[in-house]
Number of protein chains: 2
Amino acid sequence: MLLPRPSTLQRTTRLFTTTSRSAAGRTSPTESRAIVYAEHGNPAEVLKGHKYQLPALEKGQVRLRFELAAVNPADINVIQGVYPSKPAVREDIGELPLSIMGNEGVAVVEGFEEDGTVEKHLKVGDRVVMGKAQLGTWQSRTNLPFTSLVPLPSSYPISPSQAATLSINPPTALRMLSDFVPLNPATGVTHKKKQWVIQNGANSAVGTAAIQLAKAWGVGTINLVRDREGIDKLKEDLKALGADHVLTYGEFLDRETRSKIKEWTKDGELRLALNCVGGKETSEMVKLLGLEGFLVTYGGMAKTSLSIPPSLFIFKKLTATGFWLSNWVQTHPTERLTMMNELASLVSTGKLQEPATEITTLGGTESEMSSVIREVMRKNEGGKGRKVLLRFED
Amino acid sequence: MLLPRPSTLQRTTRLFTTTSRSAAGRTSPTESRAIVYAEHGNPAEVLKGHKYQLPALEKGQVRLRFELAAVNPADINVIQGVYPSKPAVREDIGELPLSIMGNEGVAVVEGFEEDGTVEKHLKVGDRVVMGKAQLGTWQSRTNLPFTSLVPLPSSYPISPSQAATLSINPPTALRMLSDFVPLNPATGVTHKKKQWVIQNGANSAVGTAAIQLAKAWGVGTINLVRDREGIDKLKEDLKALGADHVLTYGEFLDRETRSKIKEWTKDGELRLALNCVGGKETSEMVKLLGLEGFLVTYGGMAKTSLSIPPSLFIFKKLTATGFWLSNWVQTHPTERLTMMNELASLVSTGKLQEPATEITTLGGTESEMSSVIREVMRKNEGGKGRKVLLRFED
């Protein structure tokens with residue numbers, strides 16, 4: 001059944017059944033390829049390729065074809081079963097109950113049942129990102145309620161890999177630079193002095209987005225990264241994105257460096273620290289903040305507690321808090337749309353580049369898909385290297 | 001010179017000189033007895049009794065006679081030189097530069113130069129507490145600008161010892177129960193569920209004020225204290241003030257107790273933790289808080305960093321912050337007056353009792369005063385026992 005967007009709001013009651021056609025009139029498969037797990041555990045062992053017949057579209061649902069899906073560090077925790085949000089357990093897609101992985105991705109609307117509502121919000125061919133957490137982006141196609149999708153503005157031309165990495169990490173960076181110390185000019189707050197931010201894990205996808213947003217807004221950044229082979233190249237890359245200063249943790253913990261930081265920021269204000277690591281470097285980072293500073297934690301890669309002297313809370317009015325996009329989006333649906341427009345505009349004008357990515361294609365038999373995804377997980381341990389994007393064959 | 005409040009606003013230009021008379025017409029001494037230090041160090045060694053001639057009153061100043069002054073734990077840190085606010089160094093009261101100790105106390109207005117302004121705010125005989133930090137309350141008399149004084153409402157009859165302990169600790173408790181999770185009904189916020197607070201150092205002056213304010217406002221409290229001789233009596237005393245539950249840290253760290261706490265609070269909300277200790281008990285306290293909880297630190301008696309798992313910040317939206325009254329009063333002069341009225345009302349109606357106090361009188365020679373204050377400091381180590389109030393002879 002062809003389900004183009006009609007020019008009128010006339011209700012169409014036909015559903016997709018076993019086959020359907022896209023807006024362009026081609027026949028679309030009704031089978032989806034997915035990466036699933038039946039039980040939690042080591043990602044390199046429990047993930048499996050799985051093919052299943054898509055169920056008929058329900059009222060309010062749209063059929064999506066995923067262009068690309070991102071593999072993020074938190075996905076590993078989801079598969080291990082240690083993350084507070086999880087994909088649904090599906091009883092309808094195999095003999096065992098299975099969960100389809102994937103929190104982030106970009107998809108194209110292939111069709112939907114017109115019901116007087118969906119067509120007011122989406123049309124066939126629209127590109128969308130996920131508006132809710134853990135919807136299962138690691139697959140070729142799916143049905144989802146239109147209410148859980150965020151359409152990307154067609155006014156800003158952006159590539160599939162830009163779109164596939166736009167809905168989690170850049171929003172996390174944007175919110176952390178807006179909601180505590182208001183550094184985003186869109187907040188309407190102006191500052192008398194130049195504003196500075198310090199962050200660890202600065203080469204993460206959130207970190208590199210933060211560097212670029214800060215640069216676009218005239219905010220200085222001090223960026224901390226692990227020492228590693230090729231550190232000079234990494235420093236250059238981050239500076240090319242707009243980083244003012246890049247330091248290894250070793251360099252940072254040197255007392256002289258901290259005097260230098262005070263010198264760099266002495267005519268401005270350093271009131272915001274972004275943390276995805278924890279440990280001693282974070283404690284030292286916080287001590288550099290001025291009065292009424294904020295430590296915003298969005299990750300805990302060091303797997304240790306944060307340790308903060310009580311005097312900073314009492315006498316320097318430090319606030320330590322955290323940010324989790326999944327929480328935020330539940331209470332800010334309208335602000336999210338505004339934000340995605342702002343981010344898409346920054347991407348299309350070259351002010352916000354996606355992280356370095358590599359695309360892994362999943363096709364062939366279920367067993368072949370299992371081998372490929374497990375290899376990705378083995379290589380990806382520790383979240384090093386390029387961000388992996390998954391592309392599923394039909 | 002007699003300086004009663006005139007019935008008109010006619011300007012009086014006479015100043016106090018070497019002697020002055022109170023409103024009642026008696027002659028007041030122009031010498032003050034004070035406790036001072038010339039250099040920082042061990043309070044039991046560096047504090048000294050000192051007598052000096054009061055300087056002539058300057059424009060806008062009032063002459064005060066202190067009724068009682070409080071010895072608070074933070075005073076020890078001031079004398080040691082490790083506190084971020086310090087009394088002024090006075091070049092005019094002795095051969096060496098000296099600092100007059102004391103942050104809290106209650107005084108009576110003895111007189112002032114009428115200048116068209118002071119008399120609009122104060123009259124002779126008014127009882128005042130200090131509106132700024134470190135004004136030097138450990139003395140018999142002083143001159144202070146009227147703008148640094150907070151008059152106590154005469155409509156609520158309260159005793160000198162109630163007044164002398166009303167301006168630091170009860171305000172700290174009141175603000176911490178109002179400004180993060182709004183539990184004070186005066187904030188205008190109503191809660192659907194019963195609200196709970198958990199606090200450590202619950203037998204401190206702030207802690208006992210928090211117990212009583214919470215009780216007055218229908219908020220439940222879970223109170224943690226150090227195990228000690230006489231723990232049963234202490235538990236009874238705190239319950240008599242209104243504590244719902246009192247636990248030693250040992251009892252608290254028992255896993256079964258924490259299940260009990262969840263049971264006690266299960267129909268309500270526990271979103272606020274007050275901390276003046278630090279250490280492991282604080283980390284465990286924070287884990288009990290529900291979504292969007294606040295850990296408010298106002299002291300660090302354990303002298304260790306606070307250790308908090310990053311997941312609480314990210315997924316439970318915990319905010320860790322601090323409270324210091326000296327900061328708050330600088331930006332909330334009007335709210336402070338409202339608050340002192342609210343507290344005086346609670347004291348005069350018996351809803352807020354002062355902590356157990358004992359009065360130490362300072363008189364005789366400078367050397368005798370030195371002996372007495374040093375003995376107080378030796379006994380007071382660790383802040384145990386009754387709160388000491390100082391009374392100075394003429």
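To find a chain, count down the sequence lines: A is the first, B the second, and so on, and within it residues start at 1. Predicted model, so just to flag it, every value in this text is computed and none were measured.
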**Q.** Top contributor to chain A interface from B:Tyr83, B:Phe313, B:Tyr298 [non-hydrogen pairs under 4.5 Å]
**A.** B:Phe313

(Q) For chain B, which candidate among A:Ser311, A:Gly299, A:Ser283 shows the most heavy-atom pairs at distances under 4.5 Å? (A) A:Gly299

Q: Select one option (side chain, backbone, both, neither) describing which atoms of B:Thr304 are under 4.5 Å from chain A's heavy atoms.
A: backbone

Q) Tell me, side chain or backbone of B:Leu306 under 4.5 Å from chain A's heavy atoms, or both, or neither? A) both

Q. Do the side chains of B:Glu104 and B:Val129 get nearer than 4.5 Å, heavy atoms only?
A. no

(Q) Taking atom NZ as the centre, does A:Lys280 end up with more than 12 heavy-atom neighbours from other residues, nucleotides or ligands that are less than 6.0 angstrom away? (A) no

Q. Around atom CD of A:Glu335, are there more than 12 heavy atoms of other residues, nucleotides or ligands at under 6.0 Å?
A. yes

Q. Which region of B:Pro84, side chain (C-beta onward) or backbone (N, CA, C, O), has a non-hydrogen atom less than 4.5 Å from a non-hydrogen atom of chain A, or is it both or neither?
A. side chain

(Q) For A:Lys86, is the NZ atom crowded, meaning more than 12 foreign heavy atoms sit under 6.0 Å from it? (A) yes

Q) Is there a donor-acceptor contact under 3.5 Å linking the side chains of B:Asp227 and B:Thr248? A) no

Q | Winner by heavy-atom pair count (cut-off under 4.5 Å) against chain A, out of B:Thr319, B:Leu295, B:Ile308, B:Leu312 | A | B:Ile308

Q) Is the count of non-hydrogen atoms from other residues, nucleotides or ligands lying under 6.0 Å from B:Gln80 atom CD greater than 12? A) yes

Q. Chain A: which of B:Ser326, B:Gly278, B:Ser307 shares the most heavy-atom pairs with it under 4.5 Å?
A. B:Ser307

Q.
Heavy-atom cut-off 4.5 Å, strictly under: side chain, backbone, both or neither for A:Phe315 against chain B?
A. both

